[in-house]
Amino acid sequence: HVKTRGYEIGITNHLSRGEHLVNLNIAAKGKLPAVRGHLRAVHDLASTEPMVVVMPMGDNRAAYSHKVVLPTTGEISIGGRRYDLDDGEAFTIWDVHKAHYPRRMWWRWATFAGRDTRGRAVGLNLTKNPNGQDARVNENGLWVDGELLRLGPARFELPSGPDPLAPWRLGTADGSVELIFTPEGDRHEDLRVVVVESVFRQLYGTFSGTARVGRRTFTFDRVFGVCENHRAVW
């Protein structure tokens, strides 16, 4: 639970009841509209497999990650305009992360959730970071109707030009996943204070492409998600 003046987010986890609840109440600020919402993510532990992994991050350092894609119901109001969520079309990505990072840290991350062109509920997570053992342990996976399919090391090809919303190419090193990410907007931070540095970009947009796992092929057409590129000195 986080609460301060004009800003409140509460999350309640009821694993015994197979649900996660979210309440949002964020006041308008300047040109930014108020946001309010009540969400319920359904977590059927018998049919939906989470990704749980512990990865090395250098000498005596590790990162723990627990991720899962869940169908979600509820409502969100943005600037007085209300959106009702249907659990057949709305999904949330639940991400619990705890890490003891090295002083100089970086990561590239991509995730999305929605439906593939055949109507299957899908979600994807790809991460590249200082974990030097990607081939053995990583947090790369594809969810299909609750089933988690493991993927190999991730590959990111970021645009080199000045356009901050230029498309990204990304996937897996073995070519089993090939995606184009088309940004629609972003939030960013460029912080340098004495010995602390954080250069951060989070972009939201759509993913299109394919994933091949074994003999199964999945095609994605403009599935909504986010990408991050972060470099930090703690």
Side-chain angles (χ1 to χ4, degrees), residues 1-3 7-26 33-53 63-79 81-99 107 109-127 139-151 179 181-187 202-208 211 218 220-228 230:
H1 187 263
V2 178
K3 185 176 182 179
Y7 187 96
E8 182 176 5
I9 297 178
I11 300 176
T12 306
N13 301 300
H14 289 300
L15 284 178
S16 61
R17 289 166 23 192
E19 67 178 14
H20 306 271
L21 307 177
V22 180
N23 289 307
L24 307 171
N25 191 357
I26 302 171
V35 179
R36 294 179 175 83
H38 305 280
L39 309 178
R40 177 178 181 265
V42 180
H43 193 172
D44 183 347
L45 296 174
S47 62
T48 302
E49 183 179 3
M51 176 193 298
V52 185
V53 60
Y64 166 85
S65 183
H66 184 134
K67 294 178 170 66
V68 66
V69 176
L70 301 176
T72 301
T73 59
E75 63 183 53
I76 293 180
S77 175
I78 302 175
R81 184 172 181 177
R82 173 174 163 170
Y83 301 86
D84 294 316
L85 306 185
D86 179 346
D87 64 354
E89 297 299 329
F91 300 89
T92 50
I93 301 168
W94 290 79
D95 186 348
V96 177
H97 199 80
K98 173 66 176 178
W107 69 70
W109 176 50
T111 190
F112 68 68
R115 292 194 177 274
D116 72 352
T117 56
R118 290 180 53 185
R120 293 170 290 195
V122 294
L124 179 130
N125 193 83
L126 291 175
T127 307
E139 51 182 332
N140 303 325
L142 173 69
W143 286 269
V144 181
D145 290 331
E147 177 188 5
L148 175 62
L149 306 176
R150 290 190 60 185
L151 300 174
L179 299 169
F181 171 66
T182 304
E184 297 178 1
D186 77 325
R187 69 184 188 93
Q202 183 185 75
L203 302 101
Y204 58 88
T206 59
F207 293 80
S208 297
F218 308 93
F220 315 110
D221 182 20
R222 295 185 58 79
V223 182
F224 187 80
V226 298
C227 280
E228 287 185 356
H230 189 206

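Residue numbers count from 1 along this sequence.
- Contact of the E8 side chain with the H1 side chain is registered, since non-hydrogen atoms from C-beta on lie closer than 4.5 Å.
- Contact check for V223 versus T206: no side-chain heavy atoms found under the 4.5 Å cut-off.
- The closest side-chain heavy-atom distance from I11 to W94 is below 4.5 Å.
- Under the 3.5 Å distance criterion, the side-chain polar atoms of D44 are matched with a main-chain donor or acceptor of A46.
- Side-chain contact check for Q202 and H230: no donor-acceptor pair (N or O, by modelled atom type) lies under 3.5 Å.
- The closest side-chain heavy-atom distance from E228 to W107 is below 4.5 Å.
- To the nearest 0.5 angstrom, E75 atom CD is 11.0 Å from L24 atom CG.
- Considering every non-hydrogen atom in both P50 and H66, the closest pair reads CB-NE2, 3.4 Å.
- In the model, T92 has a side-chain atom that pairs as donor or acceptor with a side-chain atom of T72 under 3.5 Å.
- Atom NE2 of H38 is separated from atom CG of N25 by 8.0 Å, given to the nearest 0.5 angstrom.
- Shown here are the salt bridge (charged side-chain N to carboxylate O under 4.0 Å, His left out) partners of D186, two or more places apart in sequence or in another chain: R201.
- Note that the SG atom of C227 and the CG atom of L179 stand 9.0 Å from one another [nearest 0.5 Å].
- Atoms CG and CG, from L15 and L45 in turn, are 6.0 Å apart once rounded to the nearest 0.5 Å.
- Of all non-hydrogen atoms in G225 and F181, the two that sit nearest each other are O-CE1, 4.1 Å.
- To the nearest 0.5 Å, atoms CH2 (W143) and CG (L148) are separated by 6.0 Å.
- Ring geometry, Y204 versus F224: the interplanar angle falls from 30° to 60°, so the pair is classed tilted.
- For the pair L149/V144, a side-chain contact is recorded, criterion being any heavy-atom separation below 4.5 Å from C-beta on.
- For the residue pair L142 and A211, the shortest heavy atom distance occurs at CD2-CB, 4.1 Å.
- Closest approach of V69 to A113, counting heavy atoms only: CG1-CB, 3.7 Å.
- Under the 6.0 Å cut-off for aromatic ring centres, H20 and H14 do not qualify, their centroids lying 6.0 Å or more apart.
- Between the side chain of N140 and the backbone N or O of T127, at least one donor-acceptor pair lies under 3.5 Å.
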- Query: Given V226 and L203, is the side-chain contact (heavy atoms from CB on, under 4.5 Å) satisfied, shown in steps?
  - Reply: CA-CA 6 Å; V226 298; L203 302 101; over 6 Å; no
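- Proximity of V68 to H43: side-chain heavy atoms (C-beta onward) are separated by under 4.5 Å at one or more points.
- Between K67 and H97 the shortest side-chain heavy-atom distance falls below 4.5 Å.
- Applying the side-chain hydrogen bond (donor to acceptor under 3.5 Å, both in side chains) definition to pairs two or more places apart or across chains, those involving residues 112-123 are D116-R120.
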- Using the side-chain contact (heavy atoms from CB on, under 4.5 Å) rule, take F91 and I93 through it: C-alpha gap first, then chi angles, then the decisive distance, then the call. CA-CA 7 Å; F91 300 89; I93 301 168; over 6 Å; no
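- Distance alone, capped at 3.5 Å, is enough to place a donor-acceptor pair between the N125 side chain and the E139 backbone.
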- W109 and T111: CA distance, side-chain angles, deciding distance, side-chain hydrogen bond (donor to acceptor under 3.5 Å, both in side chains) verdict: CA-CA 7 Å; W109 176 50; T111 190; 4.8 Å; no
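- In this structure a side-chain-to-backbone donor-acceptor pair under 3.5 Å is present from S208 to R222.
- With ring centers used as reference points, F220 lies 6.0 Å or more from F207.
- Rounding to the nearest 0.5 Å places OG1 of T73 at 8.0 Å from CG of L39.
- Annotation: side chain of L151 is in contact with side chain of L126 (closest heavy-atom distance under 4.5 Å).
- Checked against salt bridge (charged side-chain N to carboxylate O under 4.0 Å, His left out), E147 has the following partners two or more places apart in sequence or in another chain: R216.
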